[in-house]
Amino acid sequence: VQLQASGGGLVQAGGSLRLSCAASIRTFSSYAMAWFRQAPGKEREFVARISRYGGSTYYADSVKGRFTISRDNAKSTVYLQMNSLKSEDTAVYYCAASSVPTTRPGDMNYWGKGTLVTVSS
């Protein structure tokens with residue numbers, strides 16, 4: 001199983017980025033998907049989660065109203081649209097898959113390699 005995140009980069013504060021995570025999971029729709037992030041010197045933190053068919057989403061308070069998670073099961077891909085970016089959003093962003101809906105990193109079944117998002121102020 002592989003999860004490949006992409007779409008990171010350098011953006012000015014107030015700008016937008018869209019992250020993608022392509023999964024090589026035959027039964028992609030069997031997994032809830034989530035995004036986490038880890039800033040330098042900090043622990044990995046939950047960002048957003050989406051249910052197996054996209055009917056339910058959940059966000060960390062710090063990104064609510066600015067970030068949107070979505071998925072396309074036909075393409076085995078999950079997205080994170082990030083708007084109104086702030087310098088504190090700077091981090092390596094990771095996608096993850098879990099067999100149960102959860103926000104805890106320890107409960108994730110699979111992790112992708114991260115993609116770096118840098119927001120300049």
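- In terms of modelled atom types and a separation under 3.5 Å, the side chain of Thr90 and the main chain of Val119 share a donor-acceptor contact.
- Distance check: Lys113 NZ to Ser6 OG gives 13.5 Å after rounding to the nearest 0.5 Å.
- Annotation for Tyr59 and Thr68: closest pair OH-CA, 3.3 Å, computed over non-hydrogen atoms.
- With hydrophobic clusters built from ILVMFWY side chains whose heavy atoms lie under 4.5 angstrom apart, Phe46 does not share a cluster with Leu19.
- Separating the SG atom in Cys21 from the CH2 atom in Trp111 is a distance of 11.0 Å, to the nearest 0.5 Å.
- Side-chain heavy atoms closer than 4.5 Å link hydrophobic residues (I, L, V, M, F, W, Y) into clusters, and following such links, possibly through other members, connects Ile25 to Ile50.
- Residue pairs meeting the side chain to side chain donor-acceptor pair (under 3.5 Å) criterion with at least one partner in residues 93-109, sequence neighbours excluded, are Arg37-Tyr93, Ser99-Asn109, Thr102-Asp107, Arg104-Asp107.
- The backbone N or O of Arg52 sits less than 3.5 Å from a side-chain atom of Arg71, completing a donor-acceptor pair.
- Following chains of ILVMFWY side-chain contacts shorter than 4.5 Å, one cannot reach Leu10 starting from Leu80, and the two form parts of different hydrophobic clusters.
- With rounding to the nearest 0.5 Å, the separation of OG1 in Thr118 from CG in Asp89 is 11.0 Å.
- Environment of CD in Gln4: sparse, with no more than 12 heavy atoms of neighbouring residues, nucleotides or ligands closer than 6.0 Å.
- Ile69 approaches Met33 most closely through the heavy-atom pair CD1-O, 4.0 Å.
- Residues Trp35 and Leu116 do not share a hydrophobic cluster, defined by chaining ILVMFWY side chains whose heavy atoms lie under 4.5 Å apart.
- For the salt bridge (charged side-chain N to carboxylate O under 4.0 Å, His left out) condition, no pair includes a residue of residues 91-103, sequence neighbours left out.
- With sequence neighbours excluded, the residues satisfying ring pair (Phe, Tyr, Trp, His ring centres under 6.0 Å) with Tyr110 are Tyr31.
- Ser84 contributes no side-chain N or O that, together with a main-chain N or O of Arg66, makes up a donor-acceptor pair within less than 3.5 Å.
- For the pair Ala91 and Ala39, the tightest heavy-atom approach, listed with the atom from each and the gap, is CB-N, 3.8 Å.
- Here the straight-line distance linking atom CZ of Phe67 with atom OG1 of Thr57 works out to 14.0 Å at 0.5 Å rounding.
- For the pair Lys64 and Asp61, the salt-bridge criterion is met [side-chain N within less than 4.0 Å of a carboxylate O].
- Leu85 and Met82 make their closest contact through CD2-CB, 3.8 Å (heavy atoms, listed as atom of the first residue, atom of the second, distance).
- Hydrophobic clustering (ILVMFWY, side-chain heavy atoms < 4.5 Å, transitive): Leu3 and Val117 are in one cluster.
- In this structure, Asp72 and Phe28 approach most closely via the heavy-atom pair O-CE2, 4.2 Å.
- Shortest non-hydrogen contact noted between Ala32 and Pro101 is CB-CA, 4.3 Å.
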